[in-house]
2 protein chains.
Amino acid sequence: MTEPAAAGRARARSERTRSAILETALRLFAERGYDKTTMRAIAAEAGVSVGNAYYYFTSKDHLIQGFYSRMVAEHVVLTRERMAGQTDLAARVGIALACWLEVAEPYHRFAGQFFRNAADPASPLSPFSHESAPARLEDTALYREVLAGTGLKVSPEIADILPEMLWLHQMAVVLYWVYDRSPGQHRTRELAARTAPMVARIVTLSRYKVLRPLVRQAESLVRDFLIVDEEEAPGRDAV
Amino acid sequence: MTEPAAAGRARARSERTRSAILETALRLFAERGYDKTTMRAIAAEAGVSVGNAYYYFTSKDHLIQGFYSRMVAEHVVLTRERMAGQTDLAARVGIALACWLEVAEPYHRFAGQFFRNAADPASPLSPFSHESAPARLEDTALYREVLAGTGLKVSPEIADILPEMLWLHQMAVVLYWVYDRSPGQHRTRELAARTAPMVARIVTLSRYKVLRPLVRQAESLVRDFLIVDEEEAPGRDAV
DNA sequence: CCTGAAAGTTGAACACGTTCAACTAGGAGT
DNA sequence: ACTCCTAGTTGAACGTGTTCAACTTTCAGG
């Protein structure tokens with residue numbers, strides 16, 4: 001499985017160009033915002049031609065995919081670290097959200113411009129798109145850990161879809177965050193701090209008999225409309 | 001309060017140009033989609049210059065504001081008509097959603113491109129923006145009617161915010177709709193049909209004692225993070 | 001009727017994202 | 001060494017949304 005040294009050198013060179021472009025782009029995004037960063041500026045600062053940037057990244061949007069996956073990775077690591085030892089569900093959910101906000105903070109300034117494009121279902125940046133699947137799966141996996149770390153017993157069917165629902169909750173918080181213009185986004189932090197216990201409470205309440213039908217309905221709903229995504233649902237043409 | 005005939009004539013002329021541009025734009029949007037409709041094409045077909053289009057509409061996005069308010073008006077009328085005589089909450093909510101989908105259907109094709117821009121908080125098209133307030137208020141008022149039409153008694157504090165929550169539910173359905181590529185958007189219709197009874201059920205369940213704390217929390221949450229919008233919240237700079 | 005200001009209108013010009021035909025290495029096969 | 005061939009790279013050119021200084025029309029006030 002070894003490869004010729006020459007090929008390795010070539011690949012390294014290519015990789016260097018690629019990451020030079022990406023680094024420059026992210027830096028400029030953070031400095032000036034997404035809209036005010038032109039492809040020409042990125043290319044110039046990275047020391048390549050405009051066309052070259054397009055050789056590596058299909059569009060300006062695609063540059064963000066790199067940023068996104070990097071952020072998710074950071075989020076997972078930080079959350080794992082902070083959650084350690086904590087077994088209360090509300091606390092763990094709260095930590096996961098707080099970590100996301102912490103990791104995302106430097107980019108809040110251009111988050112709006114970023115999400116504008118992400119909202120187009122056709123865009124590969126949409127959180128529901130095929131291209132975003134890796135990042136999405138990584139994040140739902142994190143919420144699986146969030147749940148697993150509590151001693152909580154939830155009925156197995158629900159346990160299956162709960163991580164997706166927690167992820168959805170995070171998406172809602174993220175949505176609020178995008179719109180949040182309060183200093184340091186403290187309002188979003190407050191929202192997270194207040195909804196985390198509610199979510200946890202709902203999970204424990206879900207065992208009550210009165211709520212059973214509702215829970216069952218909700219479960220089949222999520223299963224039909226969120227999980228099926230992989231084959232027939234929105235984002236793809238149905239047969 | 002009468003005005004000179006000349007001023008009236010001038011206003012009429014101006015209004016004619018304005019609506020000629022808007023009509024043309026909406027027609028072309030429906031025909032070719034938002035992205036493929038250029039400002040030059042709109043201006044040409046409307047028989048005006050490009051600059052003139054910008055005299056009446058600050059940007060291409062602003063053309064959609066007109067479309068949006070028109071749609072809300074249709075939605076309100078149709079829903080009122082169909083709801084008449086029906087007193088069951090689930091049914092009424094279901095009707096309201098079905099009507100929205102019916103009214104919106106012709107525009108589904110370019111809805112994605114449209115919502116891309118609406119997702120930018122800075123954009124006046126955002127459903128939470130100041131510019132969208134009239135349409136938003138009209139729609140929440142509709143949901144106030146939806147509730148009023150049932151004999152249901154809900155505790156007064158909740159009754160206050162329930163319309164906003166129903167509107168939020170509609171927004172969620174709309175979000176799904178935007179992403180829905182199933183033929184005739186039947187999946188969204190199904191989603192609406194299935195969630196409407198659940199929403200109604202939650203409303204009636206909200207009186208149970210076990211749920212009281214949760215309901216109270218939810219209520220203050222909505223009050224703090226959704227209603228306050230008017231002064232301090234996201235979309236505006238805090239002090 | 002005249003006049004000046006306001007409202008309306010024009011199209012060339014700008015900056016941007018994106019494309020593409022052409023060019024340049026650099027290494028594999030002989 | 002020589003030839004290809006592929007991956008990498010270039011920048012001029014295209015189509016777009018948007019701006020703006022200049023022009024034209026309209027009409028209230030004299």
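Residue numbers start from 1 in every chain, and the chains themselves are labelled A, B, ... in the order their sequence lines are given, proteins ahead of strands.
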Whole-Å gap separating P (D:dG8) and CD (A:Glu15): 10 Å
Dump the pairs, protein N or O against N or O of nucleotides 14-19 of chain D, anything under 3.5 Å, distances to one decimal.
residue : atom : partner : partner atom : Å
D:dG17  : OP1  : B:Thr37 : O            : 3.4
D:dG17  : OP1  : B:Lys60 : NZ           : 2.8
D:dG17  : OP2  : B:Met39 : N            : 3.0
D:dG17  : N7   : B:Arg40 : NH1          : 2.8
D:dG17  : O6   : B:Arg40 : NH2          : 2.7
D:dT18  : OP2  : B:Tyr54 : OH           : 2.8
D:dT18  : OP2  : B:Lys60 : N            : 2.8
D:dT18  : O5'  : B:Tyr54 : OH           : 3.3

Just the atom pairs and distances: protein N or O near nucleotides 23-25 of chain D's N or O, under 3.5 Å.
none

Short side-chain N/O contact to D:dG8 OP1/OP2 from A:Asn52, under 4.0 Å: no
Phosphate contact (D:dG8 OP1 or OP2) by A:Thr17 side-chain N/O below 4.0 Å: no
Steps toward side-chain hydrogen bond (donor to acceptor under 3.5 Å, both in side chains) verdict (B:Ser220, A:Arg194): CA-CA 10 Å; B:Ser220 83; A:Arg194 279 170 68 177; 2.8 Å; yes
side-chain hydrogen bond (donor to acceptor under 3.5 Å, both in side chains) assessment of A:Tyr143 paired with A:Gln170: CA-CA 10 Å; A:Tyr143 276 106; A:Gln170 174 178 291; 2.7 Å; yes
Test side-chain hydrogen bond (donor to acceptor under 3.5 Å, both in side chains) applied to A:Ser182 and A:Asp180, step by step: CA-CA 6 Å; A:Ser182 70; A:Asp180 189 356; 2.7 Å; yes
Parallel, tilted or perpendicular, as decided by the 30° and 60° cut-offs, for the rings of B:His108 and B:Trp177: perpendicular
C:dG8 phosphate, OP1 or OP2, under 4.0 Å from B:Ser14 side-chain N/O: yes
Side chain B:Ser19, main chain B:Leu22, donor-acceptor under 3.5 Å: no
Spacing of B:Arg16 atom CZ relative to D:dT26 atom C1', expressed in whole Å: 13 Å
Row check, B:Tyr34 ring normal vs B:Lys60 NZ/CZ: under 6.0 Å, within 45°: yes
Side-chain N or O of B:Tyr56 closer than 4.0 Å to phosphate OP1/OP2 of C:dT9: yes
Salt-bridge criterion met for A:Arg70 and A:Glu74 (N-O under 4.0 Å): no
Side chain A:Arg82, main chain A:Ile95, donor-acceptor under 3.5 Å: no
Phosphate-side-chain proximity, A:Tyr55 and D:dG8, N/O vs OP1/OP2 below 4.0 Å: yes
